[in-house]
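Numbers for residues simply follow the sequence, beginning at 1.
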Amino acid sequence: MKKLVSVIVFVIANSLFSQSVTIPKDQSFYNPDLKPYHRTIKKPNHSNNHSQLIQDAIDEIEQKGGGILTIEAGNNNIYIINEEIRIKSNVHIKVNPNVIFKSTSPRKIAFFSAGKYEPQRVTNFSLTSTDAKKYFTFDFLNRPAGKKITTKALTLGGVQNFKVSNFIINDNSTPHSGITVNLLEVSKKKYLFAKDGIIENIKITNSHYGYGLVQCQAAENVLYRNLIGEGGATLRLETGAIGKPYLADKSIIINNIYGKNIVCKNGQAAVTLSPHTIKNGKVFIDDLTADSCEAGAIVAAGFLSAKKEQRDKKGNAINGHTYGYFDANSVISNLKVIYGTNAQLRPSRRPFVPCAQRNLISTHKNPDQESYTGPTIAGIIYFAKGGTRTDRGFYTVKTPGLELKNFPLVNGQMENKEFVASTKEFLTGCDKN
């Protein structure tokens, strides 16, 4: 076997003329109206479930017309959340950075939600830290890994004018992303989803490959900023769960989404685009880093499921479904992909790994019961590449400023590819070496 030599920096030639996405001012996404009423929870009581304590305070503030709820730590900084807490309109929650939210429930749990059950939008709210420079904590370490019991810090539906920031999620390879952005069903023909908001300054550790920090199913004019994911996809823009609602309400969309400083470590990717059956708008993501991840970004083609009766055996769309895509003006700019050997790899993508690096793939699955540990595959896994056949789910995303670092060289050539775009690029015959 030829000796591998690490290259210090490899920059794709056509990306030397880097350009950045221009992020609108924060006021374009979030303009809070802070009412004067103030309620403080000074410390957790001796209950083994503090959900109602916090819910009562939120409901009180809502009934007073809105205001601020401060959650302090006290001597015992752990709040046990065993029932989902519903954030209401005009309620701004500020959490002391010493606070830890945990659950002892044996069932699936979302610690907080907003706009998931109400008959109308939840607006003008926030969930942030009392200290803009420090993070409070969601602790999932006692939750089971794998695919059995879902755990979420926060789930959003029909919300508007909101901010979520400054916390860390200590995960345990649990299923579902730490934050999900989904739908509120108003009627069988009308759905509401997130508009005008900021999600920033959040980190997740030890995340499941198939999930990650944020999964956004539908949103418009939302800024994702300063997000760090250790494991999984840090920012997943994937619409696979909303195929049926989209048949009834074509307003459902991912559009005008902005991202800044999105980081993946030892995971899947910094950003994933997967439109499934939804015709999406523009996405602008700038300044990304993927350090020892499967790829820097994953840009998946539109996808129809035979199991969900979305396509026939020949791949043709049926029952009103269509192949989804993202607008061709979308941009993922200034993506730095750093080669490493602690990435999470989907089993079906291991054949992309160059033959000389196959020995770096673990022989057993990770605790998420899905992925294997191994080397970075490529700069971008780009199954949507092809550009013009949006009717078959293909589209193009601009990728200026793509930088590949520390990838191995053999005889002066980089083994790994800038893009892998098809299973036709699987590398076979490795056993012969």
Side-chain angles (χ1 to χ4, degrees), residues 22-39 54-55 57-71 84-95 110-130 132 136 152-167 178-186 190-202 214-227 235 237 249 251-260 280-284:
T22 300
I23 307 294
K25 294 182 179 179
D26 284 12
Q27 291 79 5
S28 300
F29 303 98
Y30 174 62
N31 287 283
D33 180 11
L34 299 177
K35 304 298 183 181
Y37 190 77
H38 196 173
R39 168 75 188 276
I54 298 173
Q55 188 66 67
I58 291 172
D59 294 346
E60 176 184 326
I61 294 171
E62 182 200 26
Q63 292 166 7
K64 295 290 185 179
I68 298 172
L69 170 62
T70 301
I71 301 177
E84 187 173 316
I85 297 168
R86 300 182 185 182
I87 304 173
K88 305 296 182 65
S89 291
N90 305 310
V91 177
H92 297 269
I93 303 172
K94 297 183 180 295
V95 183
F111 285 65
F112 289 87
S113 71
K116 290 294 293 180
Y117 309 101
E118 294 75 11
Q120 66 282 320
R121 286 190 185 279
V122 172
T123 64
N124 183 39
F125 70 91
S126 60
L127 177 64
T128 63
S129 173
T130 56
F136 61 95
K152 306 173 188 177
L154 174 68
T155 180
L156 302 176
V159 296
Q160 190 166 19
N161 192 26
F162 65 94
K163 184 176 182 179
V164 176
S165 71
N166 289 79
F167 56 83
I179 301 170
T180 60
V181 185
N182 210 313
L183 301 175
L184 169 63
E185 181 180 336
V186 178
K190 182 63 178 176
Y191 295 81
L192 300 177
F193 50 91
K195 292 187 176 183
D196 308 329
I198 298 175
I199 297 177
E200 67 174 354
N201 302 331
I202 303 171
V214 178
Q215 176 159 2
C216 174
Q217 298 276 0
E220 192 161 29
N221 195 45
V222 174
L223 170 63
Y224 296 93
R225 182 169 55 196
N226 302 333
L227 304 181
L235 177 58
L237 305 175
D249 185 351
S251 72
I252 298 171
I253 196 171
I254 292 177
N255 185 42
N256 283 341
I257 299 301
Y258 290 86
K260 183 72 174 180
N280 293 299
K282 300 173 185 176
V283 172
F284 306 101

Q. Is it the case that D196 and Q160 place a side-chain donor and acceptor less than 3.5 Å from each other?
A. yes
For A57 and L69, the nearest pair of non-hydrogen atoms, with its separation, is CB-CD1, 3.7 Å
Taking every heavy atom of H92 against every heavy atom of P32, the minimum-distance pair comes out as CE1-CB, 4.0 Å
The side chain to side chain contact (heavy atoms under 4.5 Å, CB included) partners of N161 (sequence neighbours excluded) come to Y30, N31, N124
Rounded to the nearest 0.5 Å, the CD1 atom of I68 sits from the CG atom of L34 at a distance of 5.0 Å
Before you tell me yes or no, could you show the steps for V181 and I199 under side chain to side chain contact (heavy atoms under 4.5 Å, CB included), namely the whole-Å CA-CA distance, both residues' side-chain angles and the distance that decides it to 0.1 Å?
CA-CA 11 Å; V181 185; I199 297 177; 4.3 Å; yes
Sequence neighbours excluded, the answer for side chain to side chain contact (heavy atoms under 4.5 Å, CB included) partners of T128 is K94, S126, K163, S165
Any side-chain donor near an acceptor of the partner, N256 and N221, under 3.5 Å:
no
inquiry  = Less than 4.5 Å apart, side chain to side chain, heavy atoms only: is that true for R121 and K195?
reply    = yes
Check whether any side-chain heavy atom of K190 sits under 4.5 Å from a side-chain heavy atom of S251, and report yes or no. yes
Between V122 and A114, the two heavy atoms sitting closest are CG1-CB, 4.4 Å
Heavy-atom nearest pair, I61 first then R39, reads CD1-CB, 3.9 Å
Can you confirm whether F193 sits close enough to Q217 that some side-chain heavy atom of one is under 4.5 Å from a side-chain heavy atom of the other? no
* To do: For E62 and V91, indicate whether the former's side chain and the latter's backbone hold a donor-acceptor pair under 3.5 Å.
  => no
Partner of Y224 under side chain to side chain contact (heavy atoms under 4.5 Å, CB included), picked from I179, V214, V164, I198, is V214
Shortest non-hydrogen pair, Q120 vs L192, comes out as C-CD1, 4.4 Å
Sorted by chain and number, sequence neighbours left out, side chain to side chain contact (heavy atoms under 4.5 Å, CB included) with S129 holds for P97, D131, F136, N166
CD of Q215 to CG of L237, rounded to nearest 0.5 Å, is 9.0 Å
Residues passing the side-chain hydrogen bond (donor to acceptor under 3.5 Å, both in side chains) test with K88, sequence neighbours excluded, are D59
I want to check something: taking the side chain as every heavy atom from C-beta on, are H38 and T70 in contact at a cut-off of under 4.5 Å? yes
Distance col, row I252:CD1 vs L183:CG, nearest 0.5 angstrom, shows 5.0 Å
So CZ of F162 and CZ of F125: to nearest 0.5 Å the spacing works out to 6.0 Å
Side chains of N255 and E220: is there a donor and an acceptor less than 3.5 Å apart? yes
- prompt: Do S113 and T155 pass the side-chain hydrogen bond (donor to acceptor under 3.5 Å, both in side chains) test, and can you show the C-alpha distance, the side-chain angles, and the key distance before you say yes or no?
  reply: CA-CA 5 Å; S113 71; T155 180; over 6 Å; no
Residue pairs passing the salt bridge (Lys or Arg N to Asp or Glu O under 4.0 Å) test with at least one member in residues 25-36, sequence neighbours excluded, are D26-R225, D33-K35
In this structure, CG of D249 is separated from CD of E185 (nearest 0.5 Å) by 10.5 Å
By side chain to side chain contact (heavy atoms under 4.5 Å, CB included), N280 pairs with (sequence neighbours left out) T239, I253, I254, P275, I278, F326
So CG of L154 and CD1 of I202: to nearest 0.5 Å the spacing works out to 8.0 Å
